[in-house]
Every structure is written in structure tokens, then in C-alpha cells.
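Given the structure is predicted, the values throughout are model-derived calculations rather than measurements.
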Amino acid sequence: MTHLLKAEPSPLSVLPAFPAAPSSAVPVDYAALFDALFAPTTLEVVFREEFESTTGKGVDRLNGFQFARNAKGQLATASAKCLTGQYRFSPFLEVLKTKGRDKYPRLIGIPTVRDRVVLHQLNKFLAAVYPERVPKNVASTYVREISIDLKGKSPTDTWICSTDIKTFYDSIQRDRLVKVLSKRVKSQSALRLVGHALATPTVPKNTRKARHKDFRTEVGVPQGLAISNILASIYMQEVDDVMPTMGITYYRYVDDVLMYGDHDAVQNAFDSLRARLKRRGLSLHPIGSGKSHLQQLSKPFGYLGYTFQWPLISVRDSTTERFLQSIAAKFSDYTHNKTRRLERFKYLTPERLKEIFVLELNERITGAISHKKRYGWIAYFNQISDLKLLHRLDKAIEGMFKRLPDFGCKPPADLKKLRRAYFEMKFNPQGGYVRDYDKITTRVEMLALLTERGRVGPEEALTDEQIKDRYEKYLQHILAAMHKDEGVLYG
């Protein structure tokens, strides 16, 4: 069994009615597919539907609203250049994501809004050509499958190998990747566009244009792009296809690999995987290094931020601690910025600030749903069986109120609980305990939420577009905070 990457696929709603995969009966005209996806009217529709409200900025310092002023002309030019293979991406803006002490940060590239539209469509094209490589699950789904499968295994006869690929994205050989793509992708314009995206440098903020070339690299797939995950998946396809044939169960989730079976089969699979990766410029941490383990099921092991002390499934201590630190940061923010907020927003009172704090704290505890995706720590770790951990975390959060005189040094009656959120998110996500942002569709509902959260003053008269823009920005802000709590930080 093989499982792959962690990004959700882009919606294929704008795809024309072409077959999604090669067929001996009906050949796919990938050139026509590419032309349809990158037509100027299609790019404009995609921008309006997907990126007009985005707040993120690339090196050109334009958000979606600002780009919209010249979107039609810019996207028409982009279309013409994409179709002729002449399109060039602006340098991606460097953002460093910390992975914890003593670890190199993850280098993320932020494209401009124009480039996001192009990359979004390129991802759709690759998803149509390689439907079997489109990520279909999230990490917790793999953990559920693993836990179900391991129930029938002998704890002494079953051997577990957990390992990870060193500097995965940064080590992918671009020439080899393009060669792999060319076996199926017959559109030269598409191949050129992929090649240009791979070669585009990721530069720190305020880097002078003359220095952009200093940040060019010869290997690696830039992280953070719409195409990053599917390109890495395509690069690993031959490996992923052959590993399950070696008498073991095999999971790969980005750079994290889990294999299990009898001892000799697992050992042979590890050696084979290491050799196959080496031919592709990739490498594994050696067994016993602290990053790669080969041991019996009866001994504790970790995967994707979960810990397995069979049959108990829990969460790694450092991951739990990081979640508590993010909750503690909300308390600190409330305490240290209360006076400033009251001075800046005259319509807020101390009581309203308390209400807003509890509302937002509750949402961090329960997580939320948006675009049918579940966000938050409890959503990611909903496969644990260690329910005592949730009780301990609830107690720890309640204890944080002891340092808040505004609340009488005790938790408010309406403080939500992780232990209930665990069951609600898992079995009753639409029941109301977890905020479902998909139910907020009208401007009236958006305005009501903004008002509840203190984001609109009583004297403000906002247009429908201003309400939508402010709501989208607030939603992105809180979902981004929840996303940081999820397993994306397990590594």
C-alpha cells in the first residue's frame, strides 16, 4: 500500500472536458488541454474566483485587491507568454518557517498574485495528466489506516521501520524530474513552464534585482508553490510503485516513510529504498541515527507527529508542548495588548475584549471547518487513543486563567474543552460545537461575525465588497494560526 503527499489538490472546476489520463482508446490532446487552461479568459476567471481576496504579497508587494486593478491586461500578457513558452516567473519571496531549536528552518517561496494564478493552472494541468499522483488524503487518515492494520499484527513478529528522506525538496534533481515529465507530458509549453518555475530563485525581502541571480540553485523544487507537492510525487512515482511489492506495507508522506512486516523483509526494503533514492540524488538517515529506526512493534515509535506505544496512540511530547505554547501566547497577547486595543478601538470595552478573547480561544481549542477542510490541532490529531492527554491539556489551559485577574483567576463557564472537541470534530463536525465557516455565506452573516469579534466599529459603514474583504482577511488570519498548530510542524 502506498500513500503520498500532504497538500490537498486544487479544484478542477475550470478544467475543460478532456480525459484526465492517458488511454489507448482515446489519446489525450495535452497541448489543447494546456491551451484551454491558460486562455486569457480562463486565467481571469480563476483570479476572480480564487485570488482576488488573497492578502499574501510576493516581491511586487501587491495583494489580490491591488493586483485586480490591472488584472485583465496582466493576465492577457501572461496567457500569451505561457502559450508560447516564454513566461517567466518573478522571484519567489523568501519566508523561513522554523522547525524548532537546532533545526534548519524550512524555506518557503511566496509567488506574486499573477504567478499564483499561473501556478494554480499548471497544477491543474499536472493533476489532469497524473491523476494517480494527486494527493487524496491528509496525514491523520494514514494514521487511522495504520492503526487499523496493526491491530491484527504480532507485536514481536512485526518489525517497524520509520525513516525520512534528507532535505527532500531541496535535493530533487531537476533534469531528471523534467525527463520523467516528458515521458507523459507532450506539451512543450507546459514543460518549459515547469522548467522556468523550478529555476526561479527564492529571494529574501528587499533583495535588489541585480542580486537575484545570487540565489539561483541547480537542484531542488521550491517549496510553497501550488505545483511543489505534485512534482515531488511524480518524481517519486517509480519508487512508490515498487516498494509495496517487496513483502512489506509501505507509507510515504512527503519525506516521512513508514514500512512494516517481518524483520528480513523490512531490512531488505530499507536497503532497497536507500539505493533507489541514491540514484535520484536523495538519501535516508541511517538506522540508529535517531531519525531512522528498525524495531519490533512492541517498542514505541513515532510517525507524522503521532507516537505509537502499541496499542496506545498519542502525540509526541514536543508537539504537545508547542500547542500549549501557542495557547499561552494568546493569553500573553491578551494581557500585554489590552490597553493598546482599548485606546485604538474606542468602541471596545474591557468586557467586550474578554468576550472576544474567549471566543477566539475557544476556536483555537476546537478548531474550525472552512472549504470542507478541518483545521486545528484537534483536527490533525483526531486519531489518538490517549484520551488522558486531552484531559491533561484541558487542565493546563484552565490553569492559565489563574494568572488572569480579569477572569477572577478562574476559567469562564463557557470555555470549551479539547476532550469534547475531539469527539465533535470526529463524529459530529456540523453539530455546532466546532465553528463551520462554510455556513457563513451572506454579507449579513459575515458582518455579524466581524462585529462579534470586534473587527467592525458601530459607526463604520462598509460596502458589501469591504465586508467581504475584511471577512476574508480575518478568516485567513485565524485559519493560518490553526494551521500552525497542526501536524505541519511535526518535523
Can you measure from CZ (Phe67) to CD (Glu52) and round to the nearest 0.5 angstrom? 10.5 Å
Do other residues, nucleotides or ligands put more than 12 heavy atoms under 6.0 Å from the CZ atom of Arg211? no
Leu348 versus Ile356: any side-chain heavy-atom pair under 4.5 Å? yes
Closest heavy-atom contact between Arg352 and Thr451? NH2-O, 2.9 Å
Does Ser189 use its side chain to pair, donor to acceptor, with the backbone of Ala31 at less than 3.5 Å? no
Is the number of heavy atoms from other residues, nucleotides or ligands under 6.0 Å of Lys81 NZ greater than 12? no
In plain terms, say whether Lys124 and Glu50 are close enough for a salt bridge, that is, a side-chain N and a carboxylate O under 4.0 Å apart. no
Once the angle between the rings of Phe125 and Phe34 is folded into 0 to 90°, is it parallel (under 30°), tilted (30 to 60°) or perpendicular (over 60°)? perpendicular
Using modelled atom types and a 3.5 Å cut-off, is there a donor and acceptor pairing between side-chain atoms of Ser233 and backbone atoms of Asn229? no
Given salt bridge (charged side-chain N to carboxylate O under 4.0 Å, His left out), test Glu465 with Lys468 step by step and report yes or no. CA-CA 5 Å; Glu465 283 306 306; Lys468 183 175 184 291; 5.7 Å; no
Phe423 and Phe427 aromatic ring geometry - parallel, tilted or perpendicular at 30°/60° bounds: parallel
Side chain to side chain contact (heavy atoms under 4.5 Å, CB included) between Thr207 and His212, worked out: CA-CA 7 Å; Thr207 301; His212 286 173; 3.9 Å; yes
Looking only at side chains, do Arg114 and Thr77 share a donor and an acceptor under 3.5 Å apart? no
Any salt bridge linking Glu238 with Arg279? Criterion: basic side-chain nitrogen under 4.0 Å from a carboxylate oxygen. no
Approximate separation, where rounding is to 0.5 Å, of Ile165 CD1 and Ser171 OG: 9.5 Å
Look at Glu460 together with Arg470 and state whether they make a salt bridge at an N to O cut-off of under 4.0 Å. yes
Can you check whether Ser283's main-chain N or O pairs, donor with acceptor, with Arg274's side chain at less than 3.5 Å? no
For Arg340, I'd like to know if atom CZ has over 12 heavy atoms of other residues, nucleotides or ligands within 6.0 Å. yes
Locate the shortest heavy-atom distance separating Leu177 from Leu231; write the atom from each residue and the value. CD1-O, 3.6 Å
Nearest heavy-atom pair of Thr54 and Val113: which atoms, and what distance? CG2-CG2, 4.1 Å
Could you grab the distance from atom OG1 of Thr141 to atom CD1 of Ile146, nearest 0.5 Å is fine? 10.5 Å
Side chains of Tyr433 and Asn362: is there a donor and an acceptor less than 3.5 Å apart? no
Kindly say whether Asp469 contributes a backbone atom to a donor-acceptor pair with the side chain of Ser53 at under 3.5 angstrom? no
Only residue of Tyr375, Phe323, Tyr306 satisfying side-chain contact (heavy atoms from CB on, under 4.5 Å) with Tyr380 is Tyr306
Would you sort out whether Thr320 and Phe381 count as a side chain to side chain contact (heavy atoms under 4.5 Å, CB included), showing the intermediate values? CA-CA 10 Å; Thr320 302; Phe381 290 107; over 6 Å; no
Run the salt-bridge test on Arg174 and Glu218 with the 4.0 Å N-O cut-off and return the result as yes or no. no
Could you tell me whether the side chain of Ser79 and the main chain of Leu75 form a donor-acceptor pair under 3.5 Å? no
Sorted by chain and number, sequence neighbours left out, side chain to side chain contact (heavy atoms under 4.5 Å, CB included) with Ser272 holds for Met243, Met246, Arg276
Less than 6.0 angstrom from the centroid, inside 45 degrees of the normal: does Lys330 satisfy that with respect to the ring of Tyr334? no
Just wondering, are more than 12 heavy atoms of other shown residues or ligands nearer than 6.0 Å to CG in Asp175? no
Separation of Leu284 CG from Lys166 NZ (nearest 0.5 Å): 8.5 Å
Do Ile378 and Lys426 have side chains that get closer than 4.5 Å, going by heavy atoms? no
Working note: Phe89 + Leu193, criterion side chain to side chain contact (heavy atoms under 4.5 Å, CB included); need CA distance, chi angles, decisive distance, verdict. CA-CA 9 Å; Phe89 294 90; Leu193 196 56; 3.8 Å; yes
dist Ser370:OG -> Arg374:CZ (nearest 0.5 Å) comes out at 13.5 Å
For the side chain of Tyr303 and the backbone of Asp256, is there at least one donor-acceptor N/O pair under 3.5 Å apart? yes
If we ignore hydrogens and angles and just use 3.5 Å, is the side chain of Ser187 paired with the main-chain N or O of Ala190 as donor and acceptor? yes
Inter-residue atom distance Tyr347.OH - Glu459.CD, 0.5 Å rounding: 11.0 Å
So, does Tyr235 use its side chain to make a donor-acceptor pair with the main chain of Gln173 at under 3.5 Å? yes
Any side-chain heavy-atom pair from Val194 and Val185 closer than 4.5 angstrom? no
Sub-4.5 Å side-chain heavy-atom contact between Thr319 and Trp377: yes
As a quick check of understanding, evaluate side chain to side chain contact (heavy atoms under 4.5 Å, CB included) for Leu181 and Leu126, giving each step before the final call. CA-CA 9 Å; Leu181 288 168; Leu126 292 170; 4.2 Å; yes
Does one side chain, of Tyr253 or Asp164, offer a donor that lies under 3.5 Å from an acceptor on the other? no
Pair Arg341 + Asp333, salt bridge at N-O below 4.0 Å: yes
